[in-house]
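Order of appearance sets the numbers: ligands from 1, and atoms from 1 within every ligand. Side chains are part of it too, since the values below use all heavy atoms of this structure and drop only hydrogens, waters and symmetry mates. Numbers here simply count residues along the sequence, with the first being 1.
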Amino acid sequence: MASLCAARAERRAIADATGAIVERAIAGARALCDGGRAIDDHQVAVERVACAATWARVIAALADAPDELGEIAGCAAAELASELVHRLAPVAPVLGLAPLDDHGAVGRAIAAGVAPAAVERIGEAAIAVGGRIAWPLPDTLAEIRGHARAFAERAIAPHAARIHQSDELVPEPVIAEMARLGYFGLSIPARYGGHELGHLAMILTTEELSRVSLAAGGSLITRPEILSKALLAGGSDAQKQAWLPRLATGEIMAAISVTEPDTGSDVAAVACRAEPAPGGWRISGRKAWCTFAGRADVIALLARTGGDGARGLSLFIVDKPRFFGHEFSAVQPAGGTLSGRADRTPGYRGMHSFGLAFDRWFVPADQLVGGPAGVGRGFALQMAGFAAGRLQTGGRAAGLAQAAVEDTARYVAQRSQFGRPIGDWGLTRYQLGRMMHRTVAARAITYAAAAAMDADERAAAPLAAMAKLFACDAAVEVTQQGQLLHGGWGYAEDFAISRYVADAQVLPIFEGTRPILALKVIGRALLGGDVQLDGRGQPGGP
Ligand SMILES: Cc1cc2nc3c(=O)[nH]c(=O)nc-3n(C[C@H](O)[C@H](O)[C@H](O)COP(=O)(O)OP(=O)(O)OC[C@H]3O[C@@H](n4cnc5c(N)ncnc54)[C@H](O)[C@@H]3O)c2cc1C
């Protein structure tokens, strides 16, 4: 395989070559879009460039992958390079790009990496190791990953199928043990009661939890991540002291409420209102898709306190009682009401996503994030939270893809057709090999984004969006391929692969749909250099 797959130097050469193509594409898109001001006039070209830039960033991350993964990383990089060229081809003329199909030596490395024999061998190796991917880590991180895996397999895996099939809420003992293990405070600073282990530790934990259940595992960490990042970005000292330790210990569980029935991607158009009242604010309006809103103790809620646009929005921490069913309603002593009803979904079960109706629901003044100075800052604070949420979702997607690879590697080894295990057939091995290297690529970009977030969260926000975009695509593709390799049994609820497929579908929708991430986060950052996240139309929804 070594002779067929790119060695580290060849991976680096592919990364350099694709990086150069993307630089030219970005320059062409900048010229086309008046320095980023006219993105909406050229959406297709910008989406292609944003995806190509994302693919190039994944290839760069693969070039730095550990040597133990060199062969898989090489095949992944080669295939992504080939896809990148194809993605840009339709818009090459408007971007002023020369023909993209002749890369000399790099082209030969790409061709070697995508050669069927190379990918088939990865599939063969995947069957031999049950789909496990041994990504080497420093001791502390390896220990964190090992603990998370053991916990997930012992405490969550036995419930995962039942929760999905009966649309149950994640069991309280799971939340309690995750809290005891410190999983809700992995990236909260130690001075606020967290573990301050950094984003990579958070991602590794998330991957292992998501590998056994997307909703009843890895997604529980998303909400405290988002709210704690918003508090760190704009909360007053008193608010940080009051809320972060309680989030870190799991004493309070949070939900995030941005989306409304008529407002999704255009977050700046949020209509739910907060009116001043004696001692605080009264919230009135409808929200949609608020995941975990029943069980949560608080809802981080974006509401309008001023005029139109992003600057009229503020972020509140809204208390509410816990509810464990699919519907609830509550009345405050002063008459405020809140009701919720969960929308039925094909996957992502275990937390339940609610439509909410607030009517004069009271929130004390000190629960407006940032205090009086936080009025009108809600949009920016919410976006600070979303960057962390998107990174975390890269980990969720990588964990889900990993689960699909493992189940499929085991299945094709034991299922026989035409007198042989289906894993002996070349096409099966090739397809499994692609699942394996796509999953490695999802990890590579997510780990790179985690390291970048550790260094500078604000600067790394577009990279976190790239990790989310790519890893979610990978999870959709890998789970579907895994389902196909299970044949009819892949469609049976008793086989976990059918749950993985249903769960993966939601990943490119929330926290900013895939097109909105490409156009308004990645595209905008690439073309305008504007990562201030204070304009209209930023993507929303965890
Ligand atoms: C299971 C689930 C859980 C969720 N959990 C939460 C949660 O906890 N909290 C929360 O606040 N939200 C949550 N969401 C909501 C989610 O974030 C939104 O669904 C998402 O942001 C998209 O909004 P929308 O559904 O209104 O779609 P729309 O914004 O109406 O978009 C519809 C389509 O149009 C495209 N589109 C929109 N505008 C443009 C444009 N300018 N140019 C080109 N294309 C465009 C979009 O990409 C999309 O494909 C959840 C959603 C789901 C399904």
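Atoms of ligand 1 found under 4.0 Å from any heavy atom of I516 (numbered from 1 in listed order, with element): 37 (C), 38 (N), 39 (C), 40 (C), 45 (C), 47 (O). In summary, the atoms of ligand 1 found under 4.0 Å from a heavy atom of E511, numbered by their order in the structure, are 17 (O). Using a 4.0 Å cut-off to heavy atoms of I256, the atoms of ligand 1 that qualify are 7 (C), 8 (O), 9 (N), 10 (C), 11 (O). With ligand atoms numbered from 1 in the order given, ligand 1 contributes 23 (O), 24 (P), 26 (O), 29 (O) to contacts under 4.0 Å with heavy atoms of G264. Under a 4.0 Å criterion applied to the non-hydrogen atoms of S265, ligand 1 contributes the atoms 23 (O), 28 (P), 29 (O), 31 (O), 37 (C). If you number the atoms of ligand 1 from 1 as listed, the ones under 4.0 Å from a heavy atom of V506 come out as 1 (C), 2 (C), 53 (C). Set against the non-hydrogen atoms of P515, the atoms of ligand 1 under 4.0 Å away are 47 (O).
Classification of E83 and R438 as a salt-bridged pair holds, one side-chain N sitting under 4.0 Å from a carboxylate O.
From H326, atom NE2 reaches atom OG of S353 across 10.5 Å, with rounding to the nearest 0.5 Å.
At a 4.0 Å cut-off, not a single heavy atom of R514 sits close enough to ligand 1 to count as contact.
Ranked by closest heavy atom to atom 16 (C) of ligand 1, the top entry among V258, T259, D40 is T259. Looking at W289, F292, F386, F354 and measuring to atom 7 (C) of ligand 1, the nearest heavy atom belongs to W289. In this structure, of T513, D266, V270, the residue bringing a heavy atom nearest to atom 48 (C) of ligand 1 is T513. Of the candidates I226, D503, L302, T291, the one placing a heavy atom closest to atom 8 (O) of ligand 1 is T291.
The cationic group of K287 does not satisfy the cation-pi geometry with F354, failing either the under 6.0 Å distance to the six-membered ring centre or the 45° limit from the ring axis. Both the sub-6.0 Å distance and the 45° axial angle are not jointly satisfied by R282 relative to the ring of W361.
When all heavy atoms are compared, the tightest approach of V170 to I175 is CG1-CD1, 3.8 Å. Among all heavy-atom pairs drawn from A403 and R211, the shortest one is CB-O, 3.2 Å. Here the closest non-hydrogen pair linking P364 and D319 is CD-OD2, 4.3 Å. For the residue pair I203 and A450, the shortest heavy atom distance occurs at CG1-CB, 4.1 Å.
The residue K287 has no part lying near ligand 1, judged by heavy-atom distances below 4.0 Å. Only the side chain of Y348 comes within 4.0 Å of ligand 1, judged by heavy-atom distances.
Any N or O atom pair closer than 3.5 Å counts here, and Q43 shares at least one such pair with ligand 1.
With a 6.0 Å radius and a threshold of 12 heavy atoms from other residues, nucleotides or ligands, Y491 has its OH atom at or below the threshold.
Looking at L507, T206, T446 one by one, the single match for side-chain contact (heavy atoms from CB on, under 4.5 Å) with T393 turns out to be L507.
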